[in-house]
Amino acid sequence: MRRPLVKKICLVFGPRHRLQRIWLILCVVSVFVLIVLSRSTSSSIDSVTTLTVKPDIYANYRRLKEQALNDYLDLSSLSLGVSNLKDLKVCGKEREHYVPCYNVSANILIGFTNGEEFDRHCEVSKGEPYCLVRPPKDYKTPLSWPVGRDVIWNENVKITKEQFLSSGSMTKRLMLMEENQISFQSDDGLMFDGVKDYSHQVAEMIGLASDAEFHQAGVRIVLDIGCGFGSFGAHLLSLKLMTVCMAAYELTGSQVQISLERGLPAIIGNFNSRQLPFPSLSYDMVHCAECGVLWDDKDGLLLIEADRILKPGGYFVLHGSSLSTKKGSMASPIEEFARKICWAFIAQQEETYIWQKTTDPQCYYSSVQGTIPPCIEERERENIQSYYQPLASCMSGTTSKRWVPIQNRSSSSIITSAELEIYGIQQDDLNEDFESSLSALRNYWSLLTPLIFSDHPKRPGDEDPLPPYNMIRNVMDMNARYGGLNAAFLEEGKSVWVMNVVPIKARNTLPVIFDQGFAGVLHDWCEPFPTYPLTYDMLHANGLLSYLISEQCSITNLLLEMDRILRPEGWVVLSDEARSIEKARSIATQIRWEARVIDLENGSNQRILVCQKPFVRK
C-alpha cells in the first residue's frame, strides 16, 4: 500500500506523469536526508567556528563573546574515537598525587644506587597503562589570586596536620589548619616564619640597604632549593623577583605541590647525580635553607652543578644549623671547596652563609682555582642541552659569550640589540614573537572572558561560588620559543606566571628566556613533565603538535599527560596546522574535554583548538 503522501502526489500529477512522480519522491527523500545530517552535525561537540580575519589580527574574536558561553555550555556529547582510548579508565586513589618517572622502589629493583634511585627515570615507568586522574574526593577549586597564595584547601594537597605543623624551616612554622584550609598568614596579614626579616638580612649581607634593592644588585631570578611551603618565594615574588621552587619528589607533604597550589612557580628536581634541566649561567641567586642537600658530598660535584647554573657575580645563599661545626665556624669541606671553584665568601650572620661566584673567568685557569679544570670544547658544549646528563667534574661557561656579570645587566627585562647578538637572535625575530603572542593573548582572553567571568554552573558538591569562578594563575607555554607569551602576559598586566618550556630538540632559546627574568625549563615532550597532577590552570602550545609528530612522539600520550597536570575547569589552547589540530580534537573529546576548533580562514592552514577540562568526580 502506498503512503498517504505518495497518494496525494499521484492525485496531483496523475498516472501519466510517473517519471515526474519518481523524481519528486527522490527530491523529498534527499531533503529529508539533508535535514537529518544537518541536525546530527549541529549536535556534535566538535563544532568548528569559522572566522574571517586578516592575517595575524584576530579582529572578529570579540563578536564571539555573546555566543561563546552558550556554545561551551552546550558541548555535552562526546564523539566516538580512536580505538586505543576505548577502554581508558579512571585512575584509582593511589594515582591522585602520583608523578610518573619517580618510583624509588622500582629504581632500586633495577639496580640504581648511590642516590640515583631518587632521580627521575622515565625509562623505568615506560609502558605503564594510562588512566584519567580525577581530583580527590573533597577537592575544591583554588581560591583566586592573591587570596589563594595565602590560603589553600588542605584536601587539594597530600599532607597531614602532623606533617604540616612539625615541618621545620628558617624558624618554627606556626601555620594553621582550620575549616579545611591551610593558612600562611596571621590575622594581621604578616607572614609567620619571618621571611621578611630573613630576606632583609640576606640583602644587608650582600651590601644592600634592603631587599627592595635586589634588582639593583642584578638579582632578578632565584632558584629556591627545598623551598618548604614557598613563603620565601612568595615574598620575593612580591618584590618582582622570579623565584622558582625546586624540591625532590615526595609522596606526602610535597613542597612543590604546595607551592604550585599557592600559585607559586615550582618544579620537581634535585641535586643528586644528574644535571638540572637548565642551561649554564641561568640564575642570579641559588638559595638553600635546610634544603637537605649534602653539598660536600660526591667530591664537590653538587657545588660544581650549582656553579654551572649560577651567573657570573651571582650569589649562593646557605642557611641551616647543620653547616656549623661550632658557633661561628663553618663546616670546613664546603669552605675549602668553595675556594677551589672561585667563590668568594661574602658574609656570615648566625646560621646564614653567602658566597659570590667570580666575575673573572681567568680565575679558573689560575693557581687559586686548584685542581678542577674548565670544561673543554666549551663552545660546542653550549649547544648541548643539559637534560638530565650525569654531573660534570669540570667548570662550565668559562668561555661562553654569555659570561656577563649580573651587576652589569639592566634591571629591565628588555634585551638589548647587543645582547641579542650573543644569542644569535635577530631583533625582528624577537619583536615578531612578542607582537604575535600579544595579539594572540588578547584574543584568547577575549574568547575566554565570557566563560570565566560569566554566570558559571555550580560545581559538584560546592556552594554557589563567588566571582571570579575560574582562576588562571599557573600557566605553561609548552613550546615557548623566545618567551613571547610570558612577555605578553606582563604587558597586559595579567596576574599569572608562566613556565616556559623549550623542547629538547628544538632550538635552545632558554638562555634568552632566563635573561629576560622568566622561569623556564628544558623538557622532552615524549616523556611526562616533572610536576604533580592538577597543578596548572592553563596550557598553551603553538606548533608543538606538528613538531612531536615529526619526532614520532605520541600525540595521544601528550594529551593524556596534559590532562594529568591540568586542574579541573582548566584551559588548553593549541595552535597548529589543521591536520594536527583535528587529530588532537578527536583525542580531546575522548578524554572528556569540551573542545572547539576555530578556523581563522585567513588563507593559512592554521587552526586553534580551545578546550576546557570539566570538573568530573569519580
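Side-chain atoms are counted along with the backbone in the values below, which use heavy atoms only and exclude waters and symmetry mates.
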Point to revise | Flag side-chain contact, heavy atom, 4.5 Å: Met562 against Leu574 | key: yes
Point to revise | Non-hydrogen side-chain atoms of Tyr388 and Leu522 separated by less than 4.5 Å | key: no
Check your understanding: Is there a donor-acceptor pair closer than 3.5 Å between any side-chain N or O of Arg473 and the backbone N or O of Gly263?
Key -> yes
Check your understanding: Are the side chains of Val572 and Leu559 in touch, meaning some heavy atoms are under 4.5 Å apart?
Key -> no
**Study point:** N-O pairing of Arg567 and Glu261 below 4.0 Å
**Key:** yes
Review point. Can you tell me if Trp153 uses its side chain to pair, donor with acceptor, with the backbone of Thr141 under 3.5 Å?
Key: yes
Point to revise | Derivation and outcome, salt bridge (charged side-chain N to carboxylate O under 4.0 Å, His left out), residues Arg585 and Glu582 | key: CA-CA 5 Å; Arg585 177 211 56 80; Glu582 177 56 29; 2.2 Å; yes
Practice item. Give a yes or no on whether the backbone of Ile504 and the side-chain of Tyr387 come within a donor-acceptor separation of less than 3.5 Å. Key: no
Practice item. For the residue pair Val133 and Pro533, establish whether any side-chain heavy-atom pair is separated by less than 4.5 Å. Key: yes
Exercise for review: For Asn542, enumerate each residue passing the side chain to side chain donor-acceptor pair (under 3.5 Å) test, keeping only those at least two apart in sequence or located in another chain.
Suggested key: none
Review point. What are the two closest non-hydrogen atoms of Gly233 and Thr243, and how far apart are they?
Key: CA-CG2, 3.7 Å
Exercise for review: Please assess Phe529 against Ile267 for the test side-chain contact (heavy atoms from CB on, under 4.5 Å), listing each intermediate value before the final yes or no.
Suggested key: CA-CA 9 Å; Phe529 189 81; Ile267 190 170; 4.0 Å; yes
Review point. Does the ring centre of Tyr249 sit less than 6.0 Å away from the ring centre of Tyr532?
Key: yes
Check your understanding: Is there side-chain contact between Lys494 and Val475, with at least one heavy-atom pair below 4.5 Å?
Key -> no
Check your understanding: Does Ala234 offer a backbone N or O that forms a donor-acceptor pair with the side chain of Arg149 under 3.5 Å?
Key -> no
Point to revise | Derivation of the side-chain contact (heavy atoms from CB on, under 4.5 Å) call for Thr531 and Tyr536 | key: CA-CA 9 Å; Thr531 191; Tyr536 280 87; 4.1 Å; yes
**Study point:** From CE (Met478) to CG (Leu545), nearest 0.5 Å
**Key:** 8.5 Å
Practice item. Would you check if there is a donor-acceptor pair between the side chains of Gln606 and Ser575 at a distance under 3.5 Å? Key: yes
Review point. Taking 4.0 angstrom as the limit, do Lys158 and Glu96 come out as a salt bridge?
Key: no
Check your understanding: Taking all non-hydrogen atoms of both residues, which atom of Gln255 and which atom of Ala247 are closest, and how far apart?
Key -> NE2-CB, 3.8 Å
**Study point:** Straight-line distance of Leu566 CG to Met476 CE, nearest 0.5 Å
**Key:** 10.0 Å
Check your understanding: Shortest non-hydrogen contact from Ala248 to Asn270?
Key -> CB-CB, 4.0 Å
**Study point:** Near-ring test Tyr482/Phe434, centroid separation under 6.0 angstrom
**Key:** no
Practice item. Start with the C-alpha distance between Asn107 and Glu116, add both sets of side-chain angles, then the distance that settles side-chain contact (heavy atoms from CB on, under 4.5 Å), and finish with yes or no. Key: CA-CA 8 Å; Asn107 293 341; Glu116 289 191 55; over 6 Å; no
Point to revise | Shortest non-hydrogen contact between Leu237 and Met242, atoms and distance | key: CD2-CA, 4.1 Å
**Study point:** SB check Lys311 Asp515 (cutoff 4.0 Å)
**Key:** yes
Check your understanding: What's the spacing between Ser546 OG and Ile555 CD1 if we round to 0.5 Å?
Key -> 8.0 Å
Exercise for review: Spell out, as yes or no, whether a donor-acceptor pair under 3.5 Å connects the side chain of Asn500 to the backbone of Gly483.
Suggested key: no
Practice item. Determine whether Phe514 and Phe278 make a side-chain contact, defined as any pair of heavy atoms from C-beta on separated by less than 4.5 Å. Key: yes
Point to revise | salt_bridge(Glu561, Arg564) N-O dist < 4.0 Å | key: yes
Point to revise | Test applied, side chain to side chain contact (heavy atoms under 4.5 Å, CB included); reference residue, Leu558; option that passes from Asp563, Ile587, Leu548 | key: Leu548
Revision key, fill the gap. So NE2 of His540 and CG of Leu441: to nearest 0.5 Å the spacing works out to 8.5 Å
Review point. So do Phe229 and Ile182 actually touch side chain to side chain, heavy atoms under 4.5 Å?
Key: no
Check your understanding: Are any side-chain N or O atoms of Gln612 and backbone N or O atoms of Glu569, one a donor and one an acceptor, separated by less than 3.5 Å?
Key -> yes
Practice item. Could you pull out the closest heavy-atom pair between Asn272 and Leu302, with the gap in Å? Key: O-CD2, 3.4 Å
Practice item. Measure the CD1-CG distance between Ile425 and Leu430 for me, rounded to the nearest 0.5 Å. Key: 6.5 Å
**Study point:** Euclidean distance, Asp224 CG relative to Leu236 CG, rounded to 0.5 Å
**Key:** 7.5 Å
Check your understanding: Just by modelled atom types, is the Ile472 backbone N or O under 3.5 Å from a matching donor or acceptor in the Asp537 side chain?
Key -> no
Point to revise | Short side-chain to backbone donor-acceptor contact, Asp138 and Glu155, under 3.5 Å | key: no
Practice item. Scan side-chain atoms only and decide if Asn431 and Gln427 contain a donor-acceptor pair under the 3.5 Å cut-off. Key: yes
Exercise for review: Please confirm whether the backbone N or O of Cys553 pairs with a side-chain atom of Trp525, one donor and one acceptor, at under 3.5 Å?
Suggested key: no
Check your understanding: Of all heavy-atom pairs between Leu223 and Ile309, which one has the smallest distance, and what is that distance?
Key -> CD2-CD1, 3.6 Å
Review point. Within a strict 4.5 Å, meaning less than it, do heavy atoms of the Arg120 and Tyr102 side chains meet?
Key: yes
Exercise for review: Report, as yes or no, whether the 6.0 Å neighbourhood of atom CD on Gln552 holds more than 12 heavy atoms from other residues, nucleotides or ligands.
Suggested key: no
**Study point:** N/O donor-acceptor pair under 3.5 Å between Asn479 side chain and Pro503 backbone
**Key:** no
Check your understanding: Under the side-chain contact (heavy atoms from CB on, under 4.5 Å) criterion, do Val104 and Phe118 qualify, and how do the steps go?
Key -> CA-CA 6 Å; Val104 177; Phe118 300 104; 3.9 Å; yes
